[in-house]
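First comes the structure, then the notes that go with it.
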Amino acid sequence: MRTQVGIVGAGPAGLMLSHMLHLEGIESVIIERASREHVQSRLRAGVLEHGTVDMLKELGLGERISTLGLEQHAIDFRFGGESHRLDFHQATNGRRTWVYPQHEVVTDLMKARMQAGAQILFETSVTRIEGLQTRKPTIHFEQGGEPRELQCDFIVGCDGFRGVCRDAIPDSVLKIYDRVYPFGWLGILAEAPAPTNEITWGCHEDGFAMLSIRSPSVTRLYLQCEPNEDADRWSDGRIWAELHKRLDVPGMPPVNEGKITQKGVTAMRSFLAEPMQYGRLFLAGDAAHIVPPTGAKGLNSSMADVKVLGRGLVEQYKRGVADILDRYSQICLKRMWLVQRFSAGLCTMVHQIPGDNAFVRRLQRADLDYMTGTVAGRLAFSENFTGLPIEI
Ligand code: FAD
Ligand code: DHB
């Protein structure tokens with residue numbers, strides 16, 4: 001088999017890149033380990049940055065966001081028994097975010113790709129890639145138990161944190177930055193309408209909590225927990241008691257209870273691999289970087305990488321100009337370090353960190369006061385949360 005761009009992984013990054021290339025007449029093949037149903041039903045991120053939504057709309061994928069997406073203008077931070085509403089729409093002169101879950105983005109992308117006759121090999125595992133410093137890099141994969149090969153001009157590793165592509169970069173070249181946090185999130189899906197139409201963060205001395213929205217009748221809730229927590233140790237009664245304690249404040253409608261339909265634990269990690277390119281291999285999305293979910297940057301960062309890479313590949317194929325491709329890693333890493341800074345800073349600001357002393361806890365509270373109570377604090381949060389520009 002042969003193609004122009006071989007893509008490993010049909011998550012949001014792989015599907016979006018393949019869609020962008022298709023619109024410019026560039027051929028790609030995606031190889032995906034999981035089934036189509038599995039890829040489309042994975043419950044993950046919920047918030048889209050302003051720039052991500054613009055990108056989806058520009059690429060003809062905005063129809064369902066316009067009807068199902070919930071536009072957000074503010075976050076309600078709850079701490080010290082009070083509500084502190086941070087209006088990022090006002091602070092940034094009109095920038096906003098949308099609650100539109102990742103599985104809907106994937107569904108839209110999958111539909112567009114399938115309608116265009118995309119070549120996606122599902123339930124097919126890539127075993128290794130080679131020839132990255134040659135003009136004919138090759139993807140080795142297994143299909144129906146048989147070893148096969150895909151020869152490409154370029155290989156793009158969109159295979160997530162546990163994929164195989166990053167490992168193909170020699171240890172002497174690859175530098176890894178990694179931090180694991182001593183807490184996790186218990187994520188809950190409940191059949192209950194949100195009490196207001198705004199996302200609410202509870203920065204409580206017993207641990208962080210968040211109330212987000214998935215649809216007018218479904219809320220997505222998170223509770224800080226142990227990193228290796230067993231979700232079954234959390235009965236429905238315990239979950240609602242903790243959510244009320246960490247999120248409810250006088251004068252605001254309390255969390256609405258409802259049937260819990262899903263619960264699971266997400267560990268927290270900051271991770272970055274440098275460089276994001278090696279010869280004819282490019283890494284995009286979680287394959288290159290992971291952020292703790294607090295800042296809602298995982299999916300959005302994947303889209304930012306793909307925007308740069310898509311533009312670079314189009315320039316290469318259409319005009320024979322390699323400038324953007326050559327600078328891909330440099331362009332993405334500059335922005336990604338700012339995203340890492342925001343995500344890690346926010347994560348350590350709002351969670352209770354085991355072992356921290358009273359002084360550190362008071363500093364956390366001062367950080368929250370500064371972020372919500374000053375013009376500079378509100379602006380800094382707002383420009384990061386709604387999405388930093390992608391400077392190509
Ligand atoms: P992925 O979505 O991980 O896609 C990678 C794909 O590659 C997968 O489909 C995988 O099956 C495939 N693959 C891997 N190895 C191979 C192989 N060898 N051969 C073939 N295919 C392979 N972000 C937020 O912003 N907010 C959140 O609340 C949030 N919650 C999350 C919860 C969980 C449990 C996880 C895991 C992530 C969460 N994220 C969240 C992060 C966000 O979902 C990711 O940043 C986003 O999915 C990245 O997209 P991607 O396409 O780069 O990678
Ligand atoms: C979600 C919402 C957020 O505001 C955030 O910071 C992280 C995740 C969500 O809806 O999943």
Side-chain angles (χ1 to χ4, degrees), residues 6-18 30-36 38-40 42-49 52 70 72 74-77 88 97-103 105-106 109-110 120-129 139-143 156-168 184-185 187-189 194 198-201 208 210-214 218-222 264-269 271 283-306 339 342-343 346-347 350 381 384-386:
I7 299 173
V8 187
L15 288 168
M16 179 57 115
L17 181 66
S18 171
I30 307 183
I31 305 181
E32 166 58 53
R33 185 169 52 196
S35 67
R36 179 175 171 184
H38 182 79
V39 168
Q40 274 183 231
R42 275 188 299 223
L43 197 63
R44 287 181 170 182
V47 174
L48 301 185
E49 290 174 359
T52 303
L70 301 166
Q72 297 282 305
I75 288 183
D76 186 354
F77 288 92
F88 49 76
T97 62
W98 278 260
V99 174
Y100 188 69
Q102 177 165 331
H103 62 268
V105 175
V106 170
L109 279 163
M110 196 71 88
I120 309 181
L121 309 180
F122 289 103
E123 298 180 62
T124 304
S125 279
V126 170
T127 46
R128 69 194 162 88
I129 54 176
I139 300 178
H140 294 265
F141 60 98
E142 267 177 21
Q143 208 178 24
V156 184
C158 298
D159 49 347
F161 183 57
R162 301 193 188 284
V164 294
C165 291
R166 190 175 63 241
D167 293 343
W185 272 6
I188 300 134
L189 202 64
E198 279 176 2
I199 295 178
T200 305
W201 297 31
F208 180 70
M210 185 190 290
L211 184 150
S212 182
I213 306 163
R214 285 295 177 268
V218 176
T219 33
R220 175 78 167 146
L221 301 132
Y222 299 106
V265 173
T266 305
M268 303 256 168
R269 181 173 214 140
F271 174 96
L283 300 177
D286 279 16
H289 41 70
I290 296 285
V291 285
T294 330
K297 294 293 171 214
L299 171 62
N300 291 298
S301 304
S302 300
M303 294 294 116
D305 290 350
V306 165
V339 172
F342 174 69
S343 299
L346 204 56
C347 182
V350 300
F381 174 84
N384 281 282
F385 192 71
T386 58

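Read the numbers this way: they start at 1 and go in the same order the structure lists the ligands and their atoms.
With atom 15 (N) of ligand 1 as the reference point, the heavy atom nearest to it among R42, R33, E49 is part of R33. Here atom 27 (C) of ligand 1 lies nearest to A45 when heavy atoms of A45, A284, P12 are compared. Comparing heavy-atom distances from atom 38 (C) of ligand 1 across H289, R44, H103 singles out R44 as nearest. Across the listed options G264, G11, G9, G11 owns the non-hydrogen atom lying nearest to atom 4 (O) of ligand 1.
The proximity of Y100 to ligand 2, defined as any non-hydrogen pair under 4.0 Å, does not occur for either the backbone or the side chain. Contacts with ligand 2 closer than 4.0 Å are made by backbone heavy atoms (N, CA, C, O) of P293 only, the side chain lying farther away. At a 4.0 Å heavy-atom cut-off, ligand 1 touches T124 through the backbone alone. With a 4.0 Å cut-off on non-hydrogen atoms, Y222 touches ligand 1 through its side chain and not its backbone. At a heavy-atom cutoff of 4.0 Å, ligand 2 is contacted by both the backbone and the side chain of A296. Under 4.0 Å from ligand 1, heavy atoms of D159 appear from its side chain as well as its backbone. In C158, the part holding a heavy atom less than 4.0 Å from any atom of ligand 1 is the backbone. Contact annotation: for Q102 versus ligand 1, heavy atoms closer than 4.0 Å belong to the side chain alone. Residue A13 touches ligand 1 through backbone and side chain together, judged by heavy-atom distances below 4.0 Å. Residue contacts with ligand 1 for I31 involve N, CA, C or O but no side-chain atom from C-beta outward (heavy atoms, distance under 4.0 Å).
Between atom CE of residue M268 and atom OG of residue S343 there is a gap of 11.0 Å, rounded to the nearest 0.5 Å. To the nearest 0.5 Å, atom CE of residue M16 and atom CG of residue D305 are 12.0 Å apart. Remark: F77 CZ to I199 CD1 distance equals 10.0 Å, nearest 0.5 Å. In this structure, CE in M210 is found 13.5 Å from OG1 in T219, a value given to the nearest 0.5 Å. A distance of 7.5 Å separates CZ of R36 from CD1 of I120, quoted to the nearest 0.5 Å. One distance of note links CD1 of I75 with CH2 of W201; it measures 5.0 Å at 0.5 Å rounding.
If you number the atoms of ligand 2 from 1 as listed, the ones under 4.0 Å from a heavy atom of S212 come out as 2 (C), 9 (C), 10 (O). Short contacts between ligand 1 and G285, defined as distances under 4.0 Å to a heavy atom of the residue, involve ligand atoms 52 (O). Interface of I199 with ligand 2, defined as ligand atoms under 4.0 Å from a residue heavy atom, comprises 4 (O).
In terms of polar-atom proximity, L43 is not counted as a contact of ligand 1, lacking any N or O under 3.5 Å from an N or O of the ligand. Taking any N or O of W185, backbone or side chain, none lies under 3.5 Å from an N or O belonging to ligand 1. For W185, no nitrogen or oxygen atom sits less than 3.5 Å from a nitrogen or oxygen atom of ligand 2, counting backbone and side chain alike. Not one N or O of A10 is nearer than 3.5 Å to an N or O of ligand 1, by distance alone. In terms of polar-atom proximity, Y222 is counted as a contact of ligand 2, with an N or O under 3.5 Å from an N or O of the ligand. Where the criterion is an N or O separation shorter than 3.5 Å, residue side chain and backbone included, D286 meets it with respect to ligand 1.
Between T52 and Y100, every side-chain heavy-atom pair lies at or beyond the 4.5 Å cut-off. Inter-residue side-chain proximity for R44 and L299 is flagged as unmet; no heavy-atom pair is nearer than 4.5 Å. With contacts defined as side-chain heavy-atom distances shorter than 4.5 Å, the pair M110/L15 qualifies. Two residues are said to be in side-chain contact when any heavy atoms from C-beta on lie closer than 4.5 Å; R220 and L43 meet this criterion. The shortest side-chain heavy-atom distance between F208 and Y222 does not fall under the 4.5 Å cut-off. Side-chain contact between V339 and H289: absent, with no pair of heavy atoms (C-beta onward) separated by less than 4.5 Å. Counting heavy atoms from C-beta outward, V47 and F385 have side chains that approach closer than 4.5 Å.
Nearest protein heavy-atom neighbour of atom 9 (C) of ligand 2: R214 NH2, 3.4 Å. Summary of contacts: the protein heavy atom closest to atom 2 (C) of ligand 2 is V47 CG2, 3.3 Å. Here the protein heavy atom with the shortest distance to atom 18 (N) of ligand 1 is V126 O, 3.1 Å. The nearest protein atom to atom 3 (C) of ligand 2, hydrogens excluded, is given as M210 SD, 3.4 Å; this is a heavy-atom distance. When hydrogens are left out, the protein atom nearest atom 6 (O) of ligand 2 is T294 O, 2.5 Å; that is the closest non-hydrogen contact.
With V156 as reference, L17 is the one residue of V306, L283, L17 to meet the side chain to side chain contact (heavy atoms under 4.5 Å, CB included) rule. Residue E142 forms a side chain to side chain contact (heavy atoms under 4.5 Å, CB included) with just one option from T124, I31, V126, T127, and that option is T127.
Distances shorter than 4.0 angstrom do not occur between any heavy atom of H38 and any atom of ligand 1.
The aromatic rings of F381 and F342 are tilted relative to each other, their planes meeting at an angle between 30° and 60°.
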